[in-house]
K.L.:
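Got a structure for you, questions after.
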Amino acid sequence: MAFVTTSDGIQLFYESAGTGTPIVFVHEFGGNYWSWEPQVGYFSRRHLCVTFSARGYPPSDIPENVEKYSQAHAANDIVDVMNAAGIDRAHVVGLSMGAFACLHAALRYPDRIRSAVIAGAGYGSEREHQEFFRRNSEQVARGFEERGARAFAPVYGESASRVQFQEKDPRGWQLFVERMAQHSDRGAANTMRGVQMRRPSLYDLEAELAALEVPLLILVGDEDDHSIQPGIFLKRTIPRSGLAMLPKSGHTLNLEEPALFNQLLTEFFTRVEAGRWGARDSRADPNQIMRTDLELREEDQS
């Protein structure tokens, strides 16, 4: 078992598989390093794949102090894992909480991030739902504290954006819940309070995102309602970004639709490494509907 000691003294568990251009996978709140098995099995044939357990998730350390959990720590932990694995630059892939971490890592360390896949990001960002999200997050934290992960995991697993996974793949969903039931009660509660409840809205980062040059692929399930508008915002704001919406899909995209998820990532990585994932063509003016002779004459006169 491999561990890295972070810059603030927390031990994180990580695993590596394969060789080639590195990919670092960053898990969501309901997952762990094992959440990426469908991706590691596929991409490790031609990439070095690294997964790790975030702080608060066994076998990584579970700090008792909630101040040891934050969005900044989550972003820094990615780079600390890369350093331990001897990786200078990597593609990073994150789902939900992990997607936020990858996005913040790209903002903080753009020279270390070759590209970023941002899947299911947005919860807590919508202005009209921010207070409800914080209250709901506190209720989830108490659920893990008071009932324990084993009893609360099935409740959390039937959230509005998780039932799509349950409907499509009952066995896969059951495994997801069984593994979540092994989470640390304290770690889950502290993660919810320290990271989820306190992270800034994506809309508050508009200026920084508009200046970001890292290539991004944004993935959203069309029934993951609180990720849809933030996903569109990211697409419209970040210059070198692309957006894909997965049909009849919820929040747990990489497990719910592993083949489609892997296909989209393969195309993205290939284009990035070929230098073919650039900014939007300047001729693709969102204020234009159809080009006319009048526009051509105006261009000639200018």
Side-chain angles (χ1 to χ4, degrees), residues 1-6 10-20 22-45 47-63 68-69 71 73-87 90-105 113 116-121 144 149-150 153 156-157 162 165 172-188 190-192 194-196 251-256 258 261-262 265:
M1 297 178 74
F3 287 87
V4 54
T5 301
T6 67
I10 303 300
Q11 281 208 318
L12 302 180
F13 168 78
Y14 74 97
E15 285 188 332
S16 303
T19 59
I23 306 172
V24 179
F25 295 94
V26 189
H27 68 79
E28 60 144 323
F29 174 80
N32 202 329
Y33 69 93
W34 46 257
S35 301
W36 297 106
E37 283 302 302
Q39 284 67 53
V40 172
Y42 180 81
F43 285 104
S44 62
R45 302 177 185 207
H47 291 271
L48 169 64
C49 294
V50 176
T51 60
F52 69 98
S53 281
R55 57 181 67 202
Y57 290 75
S60 294
D61 283 352
I62 303 162
K68 283 289 189 178
Y69 301 76
Q71 187 64 81
H73 282 314
N76 293 342
D77 288 349
I78 294 173
V79 174
D80 285 338
V81 169
M82 289 171 58
N83 291 341
I87 296 171
H91 301 289
V92 294
V93 179
L95 175 68
S96 190
M97 180 180 80
F100 277 94
C102 289
L103 185 60
H104 280 265
I113 308 301
V117 176
I118 309 300
F144 278 96
R150 187 155 298 281
Y156 185 87
R162 305 282 186 178
F165 184 19
W173 177 87
Q174 187 60 46
L175 181 58
F176 167 75
V177 169
E178 288 173 359
R179 285 172 164 168
M180 182 165 44
Q182 300 171 38
H183 284 189
S184 161
D185 304 339
R186 171 56 55 200
N190 280 351
T191 299
M192 189 57 69
V195 181
Q196 306 277 76
H251 195 58
T252 324
L253 291 173
N254 70 301
L255 297 177
E256 186 180 329
F261 190 92
N262 291 351
L265 266 60

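These figures come from a predicted structure and were not determined experimentally.
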K.L.:
So, Q39 side chain and N254 main chain: donor-acceptor pair closer than 3.5 Å or not?
P.N.:
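Side chain of Q39 to backbone of N254, a donor-acceptor pair under 3.5 Å: yes, one is there.
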K.L.:
Using the salt bridge (Lys or Arg N to Asp or Glu O under 4.0 Å) definition, which of the options D61, D77, D80 pairs with R55?
P.N.:
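For R55, the salt bridge (Lys or Arg N to Asp or Glu O under 4.0 Å) check succeeds only for D77.
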K.L.:
Side chains of V26 and F52: does their closest heavy-atom pair fall under 4.5 Å?
P.N.:
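Result yes, sub-4.5 Å side-chain heavy-atom pair found.
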K.L.:
Nearest heavy-atom pair of P38 and N262: which atoms, and what distance?
P.N.:
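Nearest heavy atoms, P38 then N262: O-ND2, 3.2 Å.
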K.L.:
Before you tell me yes or no, could you show the steps for Y57 and T191 under side chain to side chain contact (heavy atoms under 4.5 Å, CB included), namely the whole-Å CA-CA distance, both residues' side-chain angles and the distance that decides it to 0.1 Å?
P.N.:
CA-CA 9 Å; Y57 290 75; T191 299; 3.7 Å; yes
K.L.:
How far apart are the C-alpha atoms of Q196 and F29, what are their side-chain angles, what is the distance that settles it, and do they pass the side chain to side chain contact (heavy atoms under 4.5 Å, CB included) test?
P.N.:
CA-CA 9 Å; Q196 306 277 76; F29 174 80; 3.8 Å; yes
K.L.:
Is the H27-Y33 ring centre distance short of 6.0 angstrom?
P.N.:
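No, ring centres 6.0 Å or more apart.
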K.L.:
Kindly write out the residues that satisfy salt bridge (Lys or Arg N to Asp or Glu O under 4.0 Å) with R186, not counting sequence neighbours, or none if the list is empty.
P.N.:
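Applying salt bridge (Lys or Arg N to Asp or Glu O under 4.0 Å) to R186 gives E64, E145.
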K.L.:
Can you name the nearest heavy-atom pair linking A119 to A99, along with the distance?
P.N.:
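In terms of heavy atoms, the two residues are closest at O-CB, 3.4 Å.
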K.L.:
Roughly how far apart are Q71 CD and H73 NE2, rounded to 0.5 Å?
P.N.:
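One gets 11.5 Å once the value is rounded to the nearest 0.5 Å.
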K.L.:
Taking the side chain as every heavy atom from C-beta outward, state whether Q182 and P58 have any pair of such atoms under 4.5 Å apart.
P.N.:
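Contact flag for Q182/P58 side chains = no.
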K.L.:
Taking the side chain as C-beta and beyond, is there a heavy-atom pair between L95 and S35 under 4.5 Å?
P.N.:
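Side chain of L95 against side chain of S35, heavy atoms only: no contact under 4.5 Å found.
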K.L.:
Output every pair passing salt bridge (charged side-chain N to carboxylate O under 4.0 Å, His left out) with a member in residues 22-39, not counting sequence neighbours, ordered by first then second residue.
P.N.:
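For residues 22-39: E28-R162.
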K.L.:
What closest approach, in Å, do A17 and S44 show between heavy atoms, and which atom pair accounts for it?
P.N.:
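Minimum heavy-atom separation between A17 and S44: O-CB, 3.8 Å.
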K.L.:
Say you draw a straight line from CG of L255 to CG of L175; how long is it, rounded to the nearest 0.5 Å?
P.N.:
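L255 CG to L175 CG: 8.5 Å, rounded to 0.5 Å.
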K.L.:
Tell me the closest heavy-atom pair linking G31 and H183, and the distance in Å.
P.N.:
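For G31 and H183, the tightest heavy-atom pair comes out as O-NE2, 3.1 Å.
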K.L.:
Hey, what do you get for CZ (R179) to CD (Q174), rounding to the nearest 0.5 Å?
P.N.:
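So the CZ of R179 and the CD of Q174 are separated by 12.0 Å.
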K.L.:
Could you measure the distance from the OG1 atom of T6 to the CG atom of N76? Nearest 0.5 Å is fine.
P.N.:
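It comes to 8.5 Å.
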K.L.:
When rounded to the nearest 0.5 angstrom, what distance separates CD1 in I62 from OH in Y69?
P.N.:
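Going from the CD1 atom of I62 to the OH atom of Y69 covers 6.5 Å.
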K.L.:
Can you confirm whether M192 sits close enough to F144 that some side-chain heavy atom of one is under 4.5 Å from a side-chain heavy atom of the other?
P.N.:
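Contact flag for M192/F144 side chains = no.
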K.L.:
Which is it for N83 and V4 under the side chain to side chain contact (heavy atoms under 4.5 Å, CB included) test, yes or no, and what are the steps along the way?
P.N.:
CA-CA 9 Å; N83 291 341; V4 54; over 6 Å; no
K.L.:
Which heavy atom of N190 sits nearest to which heavy atom of P63, and what is that distance?
P.N.:
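Answer, listing the atom of N190 first, then P63: ND2-O, 3.1 Å.
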K.L.:
Strictly distance-based, threshold 3.5 Å: is any side-chain N or O of S53 a donor or acceptor partner for the main-chain N or O of F13?
P.N.:
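Side chain of S53 to backbone of F13: no pair is present.
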K.L.:
Just how far is it from atom CD1 of I10 to atom NZ of K68, taken to the nearest 0.5 Å?
P.N.:
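I10 CD1 to K68 NZ: 5.0 Å, rounded to 0.5 Å.
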K.L.:
Over all heavy atoms of both residues, which pair between Y156 and G30 is shortest? Give the atoms and the distance, please.
P.N.:
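Here Y156 and G30 meet closest at CE2-CA, 4.5 Å.
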K.L.:
So F43 and F25, would you call those rings parallel, tilted or perpendicular, with 30° and 60° as cut-offs?
P.N.:
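Plane angle between 30° and 60°, so tilted.
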K.L.:
For residues V93 and C102, determine if any side-chain heavy atom of one lies less than 4.5 Å from a side-chain heavy atom of the other.
P.N.:
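A side-chain contact under 4.5 Å is absent here.
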K.L.:
Can you sort out the partners of H91 under side chain to side chain donor-acceptor pair (under 3.5 Å), two or more places apart, ordered by chain and number?
P.N.:
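Checked H91 against side chain to side chain donor-acceptor pair (under 3.5 Å); matches are S115, E273.
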